[in-house]
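All residue numbers refer to positions in the sequence shown, counting from 1. Note that these values count all heavy atoms, side chains included, but never hydrogens, waters or copies made by symmetry.
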Amino acid sequence: MAPPTKDRDLPYHLIHTHLLPRLPYKTLNRFKCVSKSFNSLITADAQFAADQVCSAHASSGCFVYMSNCRLSFFPDPAFVGVPDLSLGFLNPSSTVKLVTSTNGLLLLCGKFNGEKSICVCNPATREAAFVSNNGREKSYRSEMGLVYDPQQSPHRFIIVELLLHNYGYGLQYRFDVFLSDTSEWNRSRQTVCIDGSIVAASKPVCANGVIYWSCSKCLMWYDTEADLAGSITLPVIEGKVVEGQTHTGIYDGDVVYCRTWDDGIEVWRLTGGSRWDRLHGASWDSMIGAFDFCHGMRLRGKSQSEMFFKRWSPQPVGFDGRFVYFKVVNLKCRDKRERVFGWDCDKGRVEDKGEVTGGWCPDNVFNYVNSMARVPPILSAIS
């Protein structure tokens, strides 16, 4: 196969923006051998990397979590093709924690080369940048968020760490901000108080330069460009916040919120940073037939949905635009093996996606897309 020209084959811009960015990592890697121009496009073109991660339906898009100190992916781990799942290129010397994932880059916390630090890495290209403790009083925690925009700021990443304090009948948060292009930590003047909350913020995700954390009945946010912060109440049904299992993630550049409770499952999208729009919803009654392990349940006056939810505790773990993925485990059985299912929002059917391998926590499952983006260096250092 020869590279396209003006008079032959497909136009170059079509290949650049619509074809190659949607290929899975393994296939894309083979195209680097076609020509020098293809190699340069795939490995060193910032716009190409932006096209990869900004495509909502990228073929290599999936979900990532850490299991037994190794990266794991679903729903199709073989399709992702990350070359080193053990992250050996980082030389980790202790347990490494996946903190968050943003536009193809991972934020990790642990010991690397014998030093406690945080690491921003691209597991596809095996590049990394390290931020050491440098005598800071506070240890790095799992509430850190990562901002990286390959379209607007391909040469910079931002890390935001939460500072937590007790505040009357709730919790108070402040924000420490690290900029890779200055290698400095600065404390924001912003403060957010979450009244009545006893659960610390968790599960940081990033959309359009804003980091969001789950805080029980609301989302807390911090805008890194404007240095503004606040909170957004989660979607309500009939004027009440529904209790259940939740997942916060990113789809098509926006925050999505998935919830399971005894009546069913639903998906919401945060529009304009302030309004929740309901995208999908269904009751468990319409799905139970797809679960072989549900046959023979004795209802005892309760609905099938309520019985199913209490026995199997379905918890959402991701949304990719077509499927809502959720894990189930039989709380009434000694065998606590977990399985992942996908609810097809368009066709209304449920598919078994297989058994979960290794230990995992749904709160540490993040959206991921293979990207050839270069990891921005810290100052003039070479990662």
Side-chain angles (χ1 to χ4, degrees), residues 40-54 87 89-90 98-110 112-113 115-163 173-190 204-213 221-229 250 253 273 366-383:
S40 178
L41 169 69
I42 294 170
T43 61
D45 190 309
Q47 183 57 48
F48 178 77
D51 291 338
Q52 281 185 293
V53 301
C54 293
L87 301 174
F89 66 98
L90 300 177
L98 173 62
V99 180
T100 191
S101 170
T102 303
N103 288 335
L105 301 188
L106 305 182
L107 180 62
L108 306 169
C109 179
F112 307 94
N113 297 309
E115 181 180 359
K116 185 176 182 179
S117 60
I118 53 179
C119 171
V120 176
C121 76
N122 185 334
T125 62
R126 288 183 279 192
E127 291 186 333
F130 298 92
V131 181
S132 63
N133 200 23
N134 288 332
R136 298 177 73 233
E137 294 181 2
K138 191 174 183 301
S139 301
Y140 294 121
R141 299 177 59 174
S142 61
E143 296 85 4
M144 292 178 293
L146 173 66
V147 175
Y148 172 66
D149 188 335
Q151 239 177 353
Q152 301 297 327
S153 303
H155 305 299
R156 180 179 75 169
F157 65 80
I158 302 173
I159 298 172
V160 179
E161 183 179 18
L162 291 182
L163 303 176
Y173 295 93
R174 301 197 68 178
F175 309 89
D176 276 1
V177 182
F178 176 85
L179 305 178
S180 66
D181 52 354
T182 65
S183 72
E184 294 180 349
W185 287 92
N186 295 288
R187 181 157 299 176
S188 168
R189 296 180 179 179
Q190 297 296 316
V205 297
C206 177
N208 303 312
V210 180
I211 301 176
Y212 298 84
W213 291 267
W221 57 268
Y222 176 75
D223 188 326
T224 56
E225 293 297 323
D227 187 26
L228 295 174
I250 303 295
F366 301 94
N367 297 81
Y368 175 78
V369 59
N370 276 145
S371 168
M372 304 303 289
R374 304 297 301 270
V375 176
I378 298 176
L379 288 179
S380 59
I382 300 176
S383 58

Undergrad: First locate atom CZ of Phe112, then atom OG of Ser117, and finally report the distance between them rounded to the nearest 0.5 Å.
TA: 5.5 Å

Undergrad: Nearest 0.5 Å, what's the CG-SG distance between Leu90 and Cys119?
TA: 4.5 Å

Undergrad: With a 4.5 Å heavy-atom cut-off, do Cys109 and Ile118 have their side chains touching?
TA: yes

Undergrad: Can you give me the closest heavy-atom contact between Arg156 and Asp181, atom names plus distance?
TA: CD-OD2, 3.1 Å

Undergrad: Is there side-chain contact between Leu98 and Leu108, with heavy atoms separated by less than 4.5 Å?
TA: yes

Undergrad: Side-chain contact, heavy-atom cut-off 4.5 Å: Cys206 with Tyr148?
TA: no

Undergrad: What's the shortest heavy-atom distance between Val210 and Trp221, and which atoms?
TA: CG1-CB, 3.8 Å

Undergrad: Within a strict 4.5 Å, meaning less than it, do heavy atoms of the Thr102 and Phe366 side chains meet?
TA: no

Undergrad: Restricting to non-hydrogen atoms, name the atom on Val147 and the atom on Gly209 that form the minimum distance, rounded to 0.1 Å.
TA: CG1-CA, 4.0 Å

Undergrad: Would you please name every residue forming a side-chain contact (heavy atoms from CB on, under 4.5 Å) with Thr182, sequence neighbours left out?
TA: Leu179, Glu184

Undergrad: State, with a plain yes or no, whether a side-chain heavy atom of Phe178 is found less than 4.5 Å away from one of Ile378.
TA: yes

Undergrad: Just to verify, what does Thr125 make a side-chain contact (heavy atoms from CB on, under 4.5 Å) with, not counting sequence neighbours?
TA: Asn122, Glu127, Met372

Undergrad: Restricting to side chain to side chain donor-acceptor pair (under 3.5 Å), what partner residues turn up for Gln190, sequence neighbours left out?
TA: none

Undergrad: If I take atom OG from residue Ser371 and atom CG from residue Asn103, how far apart are they, to the nearest 0.5 angstrom?
TA: 8.0 Å

Undergrad: Working to the nearest 0.5 angstrom, can you tell me the gap between Lys116 NZ and Phe130 CZ?
TA: 16.0 Å

Undergrad: For Arg126, enumerate each residue passing the side chain to side chain donor-acceptor pair (under 3.5 Å) test, keeping only those at least two apart in sequence or located in another chain.
TA: none

Undergrad: Within the 4.5 Å heavy-atom criterion, are Thr224 and Val160 side-chain neighbours or not?
TA: yes

Undergrad: Would you give the length of the straight line joining atom CG of Leu163 to atom CD of Glu161, rounded to the nearest 0.5 angstrom?
TA: 6.0 Å

Undergrad: When rounded to the nearest 0.5 angstrom, what distance separates OH in Tyr368 from CG in Leu105?
TA: 8.5 Å

Undergrad: So, the side chain of Thr100 versus the backbone of Pro204: is there a donor-acceptor pair under 3.5 Å, distance only?
TA: yes

Undergrad: So Ile159 and Val120, do their side chains get closer than 4.5 Å, heavy atoms only?
TA: yes

Undergrad: So, for Pro123 and Gly104, which heavy atoms are closest and what is the spacing to 0.1 Å?
TA: CD-O, 4.0 Å

Undergrad: Give me the atom names and distance for the closest heavy-atom approach of Arg189 to Arg174.
TA: CA-NH2, 3.9 Å

Undergrad: What residues form a ring pair (Phe, Tyr, Trp, His ring centres under 6.0 Å) with Tyr222, not counting sequence neighbours?
TA: Phe175

